Structure formats: structure tokens, C-alpha cells
Amino acid sequence: MPADVDPGCELCSRPPPPGWTLAYRDGETPDEEGTRETILTLGNGYLATRGAAPEASADGVHYPGTYLAGFHNRLFDTAGDESIVNLPNWLPLTFRPAGGDWFASGQGRRLHEHRMLDLRRGVYLRELVVVDRARRRTRVRQRRLVSMAHPHQAALQTSIIAENWSGRLEIRSGIDGGVVNANAPAEAGSCGRHLTEVATGGDDAETVWLTAVTTNSRHQVAVAARTRISDGVAHSRQPIHGPDDVSQLIGIDVTPGERVVVEKTVTVFSNRDRVVSVPLSAALEELRQAGEFALALAEHAAVWTRLWARFRLDVGEKHAWQLPIRVHTFHLLQTLSPHVIGLDAGVPARGLHGEGYHGHIFWDELFVYPYLDLRMPELTRALLEYRHRRLTAARRQAAGAGMPGALFPWQSGDSGRDESPSRSPSPVTGEWMDDYTGRQQHVNLAVAYCVWRYWETTGDLSFLAACGLELLVETARFWAGLATYDPADDRYDIRGVMGPDEFHDGYPGRPGQGLDNCAYLNVMVAWVLGRAVEACAIVARHPGARPWRAVAPTDDERRRWAHVGRRLRLAFLDDGILAQFEGYGDLAELDWDRYRQRYGDLRQLGPLLQAEGDHPNRYRISKQADVLMLLYLFSAEELTALVRGLGYEFDPARIPDTVDYYLSRTTHGSTLSRVAHAWVLARTDRRRSFEMLVTALGTDLADPQRGSTRNGIHLGASAGTLDILQRCYTGLEIRDDLLRLNPLLPEGLDRLDFVIRYRNQLISLHVDHERLRLTAAPGAAEPVPVAVRDRSFPLAPGSTITVALPPSAPVNGSPT
Ligand code: BGC
């Protein structure tokens, strides 16, 4: 039996279902604890709590963090950013033999500790055996959930067994409102105390509550906790009110081997919740209605069963990557669950799992929505509506830049204002440096792109008319305004901008001043201008759907958009490869071997160069996919048409060279980069594509970014990897109301099985190296027009179609 196996441990003795369980046993390394707590986070889209132990406090190793989606605050007394707020910790629960020490991190000797995340049911299980100074051995079993069934509820069940002692057991269970934001100390501006006006009280004999208000946004939060002894008899109960915390001290007499079960049920409400006027009243009422742990678990697990049925992505139970795929799905759903539909919350880059990037929203939704569009499109719609509600702030941002239309800021919190930092500490030296990443106005184009893909996938006219059209038109207005006309060659320039590659914020010697004619931006702008006009035409064809506000562009605007959309300038390198920006070809080549030898890992190449007194602006290097993002977002045919539409020669046969050129100069300093490259390589080098995917699947589990997962998951990379399996390896595209498929699995995968929801139809897909099988769920819907490689056919509800997939196109087999 391995040394870390304890025969008395229920988790050791019950082998977990493979592919569904993450387990951590003894021998932990404290510096990895932050990452584990992120991975062990439980959430339901509304509320999330990191996987810190209930007896732990923030001590440099552990970091209990609880967050509500969209609940932000700006520190009052500093020039801090709007940040997600670490809310009162509802976990605290510890015990002691009366007169002994409270069980706490570093207290007592742990003979065994086993933690497990049951992804299938969304439960965090823990078992440990601890011996105190008087050699009293106590076994603790815990189960924890953050309810997917009741988004305001969480629960912790603790069984305590005094293995070799008897006497009075004391349990302390409470809520700690003394918490501060301290999860990402390297990111100044949001660390500190966001909560004030803490008040505490009790309800019935088992219940305590705590309320607090954020310092600046004045959001109120209420947490109520009921601690019930479900097995054992409480002898005494005593409330303890601290200045910022509240708890109950419960006394129980125990005998050796006897099991005491404590159920802590918690409710959380805020004044941002709909249908809530007084958060505390709502929290107490919800708690009164909340059932026992067994019931809460059954209801919660039942919802997860339904979610898994909708979101499953199966590559084979024995496949090494089945578990990471589920881990990514699990954390995606814990951040963006169906409960988000009723909230005013966006897509935080680090999930609800930590305070990385202050909980800000960037452009990462671009990697998230395509996956959701085909699973639960109403989620994408709700998240795009979140953007739409912030159009006023985006219009102000554009006006501030002297432009018409709307500009979503690179980083934003709750208000939609620009929260991009102007200075940040170097990840290499810690020294404060100017930060120009906020020049990434391309976030605007990402939102517009998501609007259009959502529309294409769903055909949701009511959304297009009510929100999508305005988002597209206002984006088009901004970019058409930014483009300047050069009559010398009848071309438009977009100057002083920045693409996704954050290593370049200006030309050599001119940091922060931006770049001219970024290929990624200019092609995207041309595309968005076209889509804005197309959306107007679609809505105009449906008079009943027309928006009540005047949204459509004027005739003058249309004329200008058409001209800009045909004449934006692109730059090319000598060999005809699309240049990342104008002047890129004049930059120096980096001596990659020398830098690899010097530093090994080059993900932080930009800051490394700056630490040497050099600057990344001087070199042909990229932090992440930039030009190649175009191939991530558009098919080769679409890109060819777009570049030719701008009046340039473009030979799609040069695409593989373009991929090689930029890939060999990219350090993948962002986790999004490998997702984009795995996609781009899928049709030319499937082996490398799969290698990229596999590395991206390890983003949080392996945490190669040296501890960055301790500040939250990488949501864009998580969803992006799932989408590669869902759309890229199946060649799934929706164009012209046709569901197109062209599967090509990499060697590393034997099969893919999943269900999509397309135009309100549930369609199961099975793909392997020989065949594609499509099954439409029975129902009353019209048959779905489908095209597999070069064959088109209708897929009727209740029918199955199998198509043979010979190793290379064309398709010989016919639908059967
Ligand atoms: C990347 C951005 C990304 C952000 C948040 C940065 O490191 O460069 O593209 O939006 O992280 O995930």
C-alpha cells in the first residue's frame, strides 16, 4: 500500500471514477497551494469560493477568497482600479478538544490528508487525520458545495471522529468579514480592504449573519450561516461577535469512534441581485428555506448532471486528456453558468477564482463565446447584452479619443469605464514601468465579431435588432472615424494602435505611441464595416424587428464605410507575407539561440529585454498570435476574400509560410496564444496542432506560467481549448444558414462525442477517423440543412446520418 494511503480514509478506499476526479494527497508543497486552491474552487456563476481549507486564513500559503460575479469596488483612498471584491469568508469552521489548541494550518500533526474534486457532482471532498500535542487523534471528513441548484447557497458538511479520545469537543463556526483583497499583491491598486460597516447578528439559535458595504461602490453584501449538528447532541451554543466577524461556539461530548456531523449552510445576497431590496432579509429567508446537506447535495448534483449532458465533450474515458477537458468545462461553467443569464456580469479573464487582473474583463470572450454559442447560446446573448448596457461608457471612451461611435476599453470592471493601468510592475524585476497595453482598442472589434458569430449561429433576429446592430454600427463608426485618408494612393491608414501582441506598443525609440496599419486590426475593421451594413439590411427586411431608436448609419456614413472597407492599407514583407504592421520588416531579428541559452523560458521575453535596457519594440518577436489571429477567426477562404477585397494580391498558398514565419517568432507569453496556434495549425500540421492543444489543456493544471493560476484560472484558454475540439477538429462552421462539417482528427484523438444546440435543435455528433455520425433529437423542428465536406443534406428531427470519412477529401461515401 503506498505510504500516503490510509485504510481508514473513505477517499483512499473508494477509487474515484477515472476522468472525473482530481485528487491531491499528503506531501503538499506550500508554494503550490495557491494554485490548488484555484483548481479546487467551487462556483455557480453567481458565487464562487476558492478551495481554501475551512480552518485556514490568508497566511501567505492559503488564501480563502469568495467572489460574486460583477461585484466590484474601487479602493476609496488610493487611485486604485475597480476590482472584484473578496467577500466575507463563509468557510471558517474548526474544532478542538476542550482546553486544547484550535485546529488551524500549521497546528497539530497531520497523519494523512486527501482532497478530491468530484467534477461530476461539483463536490469538493476532504479527509484528514490530525494528532494534537496530547496525542489525541481526530479524523475529519468534509464535503463542500456551492449550489448549482440554488445560486445563493453554499454548504459544508464536516464529520469529526475522535479516534482515541473522549470528552468535550468544541466547534467554532462562523463568518469572517475582516478579509482584504490580497490574492494578487504584484498587481497594485486593488489590494487592501474593500469592505466597511461590518455588522453582525443572529437569527434562530443555529444562525449567525454578517453584512458589509464596499468602501466606494457602496454595494451591500449579506452572508448568513446556519450551523446544525445533524449527528450528535449540542450541549452548549454560544455566539461570539468580533469586530469584523461572528461565530458560534458549540460544545458536544464525544466518545472514541463516535461520529459528530456538523452541517454549515450558507446564503449570500447582495443589493445587485434582482428582486432583492434588503440583502440580509433575503439571506435569512433563503436560509430558513434551505434543506439539509443531503438534499442540497442531491439537488446540486442533479443540476450538474443536466449541465454535463449539455456540455459534455468526450474523447474516451481512458484518454489522458479526458480529465483536463472536464476540468476546463467545469471551471468554465462555474464562472459562466446559466445563472449568469439573470445577472449583470461579463467574462472575467481569471474566472471567479482569484483576483488576478483585478477581476477585469478584456477581449477574452472572443475565445469563449464560440463554444457557448453551440451549447447554450442564451448565455452568450446575456453576456453580449452586458456589453450593450455599457455602450454609454464606451461612447464616452470614444468621445474622449475624439472619435464618434463607441470604444470598449481594453480593461473594464463593473461600470464599463477604462480600467487599464498606466503603470505596472515588471514581472521580471518588479520595477514599475509605463504600461501601454490599454492601447489595445481591438477589444472593440472582438465584441463586434462575437455579435456577428452569435447571430450567424443562432439566427436570433430579436437580439440583432435590439442590441447587436447597435454594437456593430457604433464599432464601425469608431473605426471609420479613426481611419485617415491618404489621397496620394487612395488609401486609408489607421495609426497609433496596438494589436494583440503586447510586445509592440510603438516603433523603436517611441514606446507607447502605437503602430500603424496593424494587419489584424485593418482586416478586422474592413470586415466589421461590412457586417454593420449587412446587419442594417437584415433588420430592414423585418420591419417588425426594427429598433425603436435610430441606429442605422446615414447615407454619408455608408459611403465612407464602403470606401474605407475597400481601401484600408495593409503592409507586406518582401516575400509577400502579411506584415504585422507597417515597418515590421525594418525591425531587427532576435538572436533566439542566445536568448534561449541565457533565459531558457522566453515567455516573458519583452520584460526580459527591458530589464536588460533593451526594448521588444526593436525586434520581430511576438508575445502571442497577432497576424495569425486572422486565421483563427476566419477561414482561409474568408481571409483571402477580405485581403483581396482591400485591393491586394493574396495567394492562400502562402498561408503555411505565414504561419511558420510568425509562429517561429512567438513566445506564447499569453495562454491564449497556444489556443490560436493550435487552431491555425490544425489543417497544415495536425501533430503540432495537437501538441499545442495539449499544452493549452495543461494551462491551469500544470500552471507553467509559474504560479499565475494562484490568481485565478485562465478562462479564455480553458474555453478556447474546448472550442478547438468542438469546432476546429470537426471543421464545424456556420455560414449562409448551413451547418458545415469537415472533420479531421489529429492522431492523438480516436474519437470525439458531443452535443450541440443549433437553431434550437439538439444534434449529437460522433467523429472518429473513419466516420461522422449526426443524430438529431426528435422534435417538431424543421430539418437542419447540413453540409459534410462537399455533400449537403437535411437532417430531420429524430434521424441519424452517418458519413464515411476517407483519409483525405473528397468524400466518397454518401449519407446513409
Ligand atoms: C494577454 C491578453 C489577455 C489578458 C487577459 C494578457 O496576458 O496578453 O491578450 O486578454 O492577458 O487574459
Side-chain angles (χ1 to χ4, degrees), residues 38 81 83-84 184 186-187 190 328 331-332 335-336 346-369 387 408-413 418-421 424-428 433 435-447 449-450 497-505 518 520-521 524 580 601-608 616 621-630 632-633 662 666-677 679 696 699-700 703-721:
T38 296
D81 295 323
S83 169
I84 192 157
E187 297 173 28
S190 66
H328 282 200
H331 287 304
L332 172 68
T335 310
L336 302 176
V347 179
R350 299 310 211 88
L352 293 174
H353 297 60
E355 293 153 29
Y357 289 129
H358 315 300
H360 286 171
I361 290 151
F362 296 64
W363 69 320
D364 302 45
E365 62 213 71
L366 184 63
F367 296 80
V368 176
Y369 296 158
R387 287 290 195 183
F408 288 106
W410 173 239
Q411 291 191 34
S412 58
D418 188 4
E419 302 293 342
S420 315
S424 308
S426 156
V428 173
M433 322 234 301
D435 184 334
Y436 301 111
T437 51
R439 271 192 176 274
Q440 288 178 80
Q441 299 163 333
H442 64 82
V443 53
N444 225 33
L445 297 164
V447 175
Y449 178 91
C450 292
V497 289
M498 216 178 139
D501 165 27
E502 297 185 343
F503 282 174
H504 292 96
D505 56 25
C518 288
Y520 172 68
L521 272 88
M524 285 288 277
Q580 189 171 318
D601 183 349
L602 293 185
R603 267 176 302 214
Q604 300 287 6
L605 181 59
L608 284 168
I621 55 176
S622 298
K623 175 180 172 185
Q624 62 202 88
D626 191 297
V627 173
L628 299 187
M629 277 301 296
L630 292 170
Y632 176 66
L633 299 178
Y662 286 107
T666 300
T667 70
H668 307 297
S670 161
T671 56
L672 301 174
S673 188
R674 285 211 166 75
V675 173
H677 284 101
W679 188 289
T699 294
D700 289 317
D703 192 16
Q705 302 272 46
R706 289 197 231 105
S708 73
T709 298
R710 64 181 302 121
N711 307 137
I713 53 156
H714 296 81
L715 193 68
S718 297
T721 50

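Just so you know, ligand 1 is whichever comes first in the structure, and atom 1 is the first atom listed for that ligand. Nothing here was measured: the structure is a model prediction, and the numbers come from that model.
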What protein heavy atom sits nearest [atom], and how far away is it?
{"atom": "atom 11 (O) of ligand 1", "value": "Y357 OH, 3.2 Å"}
{"atom": "atom 5 (C) of ligand 1", "value": "D364 OD2, 3.5 Å"}
{"atom": "atom 4 (C) of ligand 1", "value": "F362 CD2, 3.8 Å"}
{"atom": "atom 7 (O) of ligand 1", "value": "K623 NZ, 2.9 Å"}
{"atom": "atom 9 (O) of ligand 1", "value": "W363 NE1, 2.8 Å"}

Numbered atoms of ligand 1 (with element) below 4.0 Å of [X], judged on heavy atoms:
{"X": "L672", "result": "3 (C), 9 (O)"}
{"X": "S670", "result": "1 (C), 8 (O)"}
{"X": "E502", "result": "1 (C), 2 (C), 8 (O)"}
{"X": "A349", "result": "5 (C), 12 (O)"}

Main chain of M629, side chain of Y520: is a donor-acceptor contact present, judged purely on distance under 3.5 Å?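 Here the side-chain-to-backbone pair does not exist.
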Keeping D505 on the side-chain end and M498 on the backbone end, is there a donor-acceptor pair under 3.5 Å?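 No: the side chain of D505 does not pair with the backbone of M498.
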Inset, instruction - Taking the side chain as every heavy atom from C-beta outward, state whether V347 and F367 have any pair of such atoms under 4.5 Å apart. - result: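 Side-chain contact under 4.5 Å: no.
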Measure from atom 8 (O) of ligand 1 to every heavy atom in Q624, Q411, M629, H714 and give the option owning the shortest one.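 Result: the heavy atom closest to atom 8 (O) of ligand 1 is in Q624.
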Check your understanding: When rounded to the nearest 0.5 angstrom, what distance separates CD in E502 from CH2 in W410?
Key ->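 So the CD of E502 and the CH2 of W410 are separated by 5.5 Å.
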- Kindly compute the distance separating CZ (R350) from OG1 (T335), expressed to the nearest 0.5 Å.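 Rounded to the nearest 0.5 Å, the CZ-OG1 separation comes out at 12.0 Å.
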Show the numbers, then the answer: is there a side-chain contact (heavy atoms from CB on, under 4.5 Å) between L602 and I621? CA-CA 11 Å; L602 293 185; I621 55 176; over 6 Å; no
Between H668 and S673, is any side-chain donor less than 3.5 angstrom from a side-chain acceptor?
->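 Checked: H668/S673 side chains pair up, N/O donor to acceptor below 3.5 Å.
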Next item on the list: Examine the side chains of H328 and T721 and answer whether a donor and an acceptor come within less than 3.5 Å of each other.
Entry: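 A donor-acceptor contact under 3.5 Å links the two side chains.
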Using heavy atoms and a threshold below 4.0 Å, how should the contact between T671 and ligand 1 be classified: side chain, backbone, both, or neither?
->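 T671 to ligand 1: no contact under 4.0 Å from either part.
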W410 to ligand 1, any heavy atom closer than 4.0 Å
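Within the 4.0 Å threshold, so yes.
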